[in-house]
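Only one structure is covered here, and it is reproduced in the block below.
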Amino acid sequence: MKIAVLPGDGIGPEIVAEAVKVLEALNLGLEMQTAPVGGAGYEAEGHPLPPATLKLAQEADAILFGAVGDWKYDTLDRPLRPEQAILGLRKALGLFANFRPAICYKELTHASSLKPELVAGLDILIIRELTGDIYFGQPRGRRSAPDGHFPGAEEAFDTMRYTRPEIERIAHVAFQAAQKRSKRVTSVDKANVLETFQLWKDVVTEVGKQYPDVALDHMYVDNAAMQLVKEPKRFDVVVTGNMFGDILSDEASMLTGSIGMLPSASLNDRKQGLYEPSHGSAPDIAGKGIANPLATILSAAMMLRFSLNQEAAAQRIEAAVQKVLAKGLRTADIYSEGTTKVSTREMGDAVVRALAEV
Ligand SMILES: NC(=O)c1ccc[n+]([C@@H]2O[C@H](COP(=O)([O-])OP(=O)(O)OC[C@H]3O[C@@H](n4cnc5c(N)ncnc54)[C@H](O)[C@@H]3O)[C@@H](O)[C@H]2O)c1
Ligand SMILES: CC(C)[C@H](C(=O)O)[C@@H](O)C(=O)O
Ligand SMILES: [Mg+2]
């Protein structure tokens, strides 16, 4: 089984090193090959997604991705900016279904900024459409405003769009995921204002008729953002578009204690997948050895489950993470009084040791 390992920028290399260590400790005979991506790709090859990196990713059974981006690249032309690497990989591999599970481990109930009773036992799954919406819609650009409040002024524009088949396939993914859970789907839209999301709502409703065992409700995104902090446990599977899913998944991460706990899987229709933490390259803490590697380690578990057919190994990683948390080990982002603060590397080492106990 071939894995493309793309550490990227900032804390990317630090957290990916820990996930690789955990995967190696499982002795599954994985063939892992590393390549530069993002700012690192730009430095090495003059492009955030160098052709050799893309080829490695395309030929791999799965991709383990760290994070890309750094403020120092923010003035580059957009096609050269590190973020184009992850967007390019999602598009090139057709990774339209993004799973972002927000699970509050019982040991971290007090690490959340919300009241413990609101997040205790939380287990929600955000399914984010990943290759459409305003992220990829054309046309986009800058021009002199042809009309509006300030005709002739400098203007920038992007295009929000979804086709029916794009909505249908992500809706099927959500309903099928719900069938394996508590059989509830909340579809999040902005149909009261946006035509794109009226179509979204109509199509999700139609697809839902094929899943009579799953209860479907609809919620506007502004209300969903509010409900996520008011009563997060009312949700089970949440399905939404690319941009709303980006924002709501960061919000949901804080329910679990830290964004450093939120893994993700991005799948295409061949179950080939890219696995990455939901967070970014965290330039503010890069190189300090304090980043939480658990989101990346848990993403590696999702990789074993979804792309490599290694359910038992995936469960071992998840159990090892639980064990380490139960022992009271915490990186700075989830630290609270009475627990033991550890570095990125110490956390990875502890997960490796815990594998022997599960
Ligand atoms: N998929 C990706 O590669 C990805 C995702 C999000 C952001 N980014 C990029 O990352 C860069 C930084 O973006 P940002 O600051 O808005 O978001 P970010 O997710 O990198 O960081 C937000 C905050 O969370 C903290 N944080 C993130 N991950 C952490 C971890 N594992 N452990 C402890 N703390 C953690 C950071 O220190 C920061 O305070 C930007 O260039 C952005 O475009 C990349
Ligand atoms: C870095 C950026 C392109 C990316 C996104 O917006 O999808 C990130 O925020 C994410 O959540 O994976
Ligand atoms: Mg994001």
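What you see below is based on every heavy atom in this structure, not just the backbone, and it leaves out hydrogens, waters and symmetry mates. Remember, it's 1-based here, ligands and their atoms both numbered in the order they're listed.
- With a heavy-atom cut-off of 4.0 Å, I11 touches ligand 1 through its side chain alone.
- For ligand 1, the polar-atom distance check finds an N/O of A282 within less than 3.5 Å of one of the ligand's N/O atoms.
- Electrostatic pairing of D123 and K233 does not count as a salt bridge here, judged by no charged N lying under 4.0 Å from a carboxylate O.
- Of all atoms in ligand 1, numbered sequentially from 1 with element shown, those under 4.0 Å from a heavy atom of G280 are 4 (C), 5 (C), 6 (C), 7 (C), 8 (N), 10 (O), 18 (P), 19 (O), 20 (O), 44 (C).
- Remark: the D158 side chain and the Y135 side chain contain no N/O donor-acceptor pair separated by less than 3.5 Å.
- In this structure, Y220 has its ring center no closer than 6.0 Å to that of F197.
- Inter-residue side-chain proximity for T331 and K341 is flagged as unmet; no heavy-atom pair is nearer than 4.5 Å.
- For ligand 1, the polar-atom distance check against D284 finds a nitrogen or oxygen pair separated by under 3.5 Å.
- A donor-acceptor contact closer than 3.5 angstrom is absent between the side chains of Q310 and R305.
- Of all atoms in ligand 1, listed by their number and element, those nearer than 4.0 Å to a heavy atom of A67 are 3 (O).
- Among all non-hydrogen protein atoms, the one lying nearest atom 14 (P) of ligand 1 is W71 CH2, 4.1 Å.
- Contacts between I285 and ligand 1, counted as non-hydrogen atom pairs separated by less than 4.0 Å, involve the side chain only.
- Donor-acceptor pairing under 3.5 Å is recorded for the side chains of H218 and T205.
- The option with the heavy atom closest to atom 11 (O) of ligand 2, from among I247, N98, D246, is D246.
- Donor-acceptor pairing under 3.5 Å is lacking for the side chains of Y335 and T340.
- L267 is connected to I127 through a chain of hydrophobic side-chain contacts under 4.5 Å among Ile, Leu, Val, Met, Phe, Trp and Tyr, so both are in one cluster.
- The shortest separation from a heavy atom of R100 to ligand 2 is under 4.0 Å, placing the residue in contact.
- Geometric assessment of R128 against the ring of F244 yields a negative cation-pi assignment under the 6.0 Å and 45° thresholds.
- At under 3.5 Å, not a single nitrogen or oxygen of F65, backbone or side chain, sits near a nitrogen or oxygen of ligand 1.
- A cation-pi geometry, defined here as NZ or CZ lying under 6.0 Å from the six-membered ring centre and within 45° of its normal, holds between R143 and F157.
- Under 4.0 Å is where a charged nitrogen must lie from a carboxylate oxygen, and between R161 and E195 no such pair does.
- When each atom of ligand 1 is checked for a heavy atom of H279 under 4.0 Å away, the hits are 4 (C), 5 (C), 6 (C), 19 (O), 27 (C), 28 (N), 31 (N).
- For the residues L294, N292, V68, D70, the heavy atom positioned nearest atom 32 (N) of ligand 1 is part of N292.
- Interface atoms of ligand 1 facing G260, defined by a heavy-atom separation under 4.0 Å, are 30 (C), 31 (N).
- Backbone and side-chain nitrogen or oxygen atoms of E276 are examined, and one is located within less than 3.5 angstrom of a nitrogen or oxygen of ligand 1.
- Of the N and O atoms on the side chains of E318 and Q322, not one donor lies less than 3.5 Å from an acceptor on the other residue.
- With ligand atoms numbered from 1 in the order given, ligand 1 contributes 12 (C) to contacts under 4.0 Å with heavy atoms of P283.
- Contacts of S258 with ligand 1, taken as heavy-atom pairs under 4.0 Å, are absent altogether.
- For the ligand labelled ligand 1, residue Y73 lies outside the 4.0 Å heavy-atom shell.
- A donor-acceptor contact closer than 3.5 angstrom links the side chains of Y73 and E43.
- The residue from L274, T296, N98 that alone fulfils the side-chain contact (heavy atoms from CB on, under 4.5 Å) condition with S264 is N98.
- For the residue pair S281 and D9, no side-chain donor N or O sits within less than 3.5 Å of a side-chain acceptor on the partner.
- Ligand 1 places these atoms under 4.0 Å from at least one heavy atom of A291: 32 (N).
- Counting only heavy atoms of the protein, atom 27 (C) of ligand 1 lies nearest to I259 CG2, 3.5 Å.
- Ligand 2 lies nowhere less than 4.0 angstrom from a heavy atom belonging to Q84.
- Among all non-hydrogen protein atoms, the one lying nearest atom 11 (C) of ligand 1 is S281 OG, 3.2 Å.
- Counting heavy atoms of neighbouring residues, nucleotides and ligands inside a 6.0 Å radius, atom CZ of R181 exceeds 12 of them.
- Contacts between E83 and ligand 1, counted as non-hydrogen atom pairs separated by less than 4.0 Å, involve the side chain only.
- The protein heavy-atom contact nearest to atom 1 (C) of ligand 2 is E83 CG, 3.7 Å.
- Among all protein heavy atoms, the one lying closest to atom 4 (C) of ligand 2 is R90 NH1, 4.0 Å.
- Near G69, meaning under 4.0 Å from one of its heavy atoms, ligand 1 places the atoms 41 (O).
- If you look at D246 and ask which of its N, O or S atoms sits nearest the Mg ion (ligand 3), the answer is OD1.
- The shortest contact between atom 5 (C) of ligand 2 and any protein heavy atom is with Y135 OH, 3.4 Å.
- Distance check for D250 against the Mg ion (ligand 3): none of its N/O/S atoms falls below 2.8 Å.
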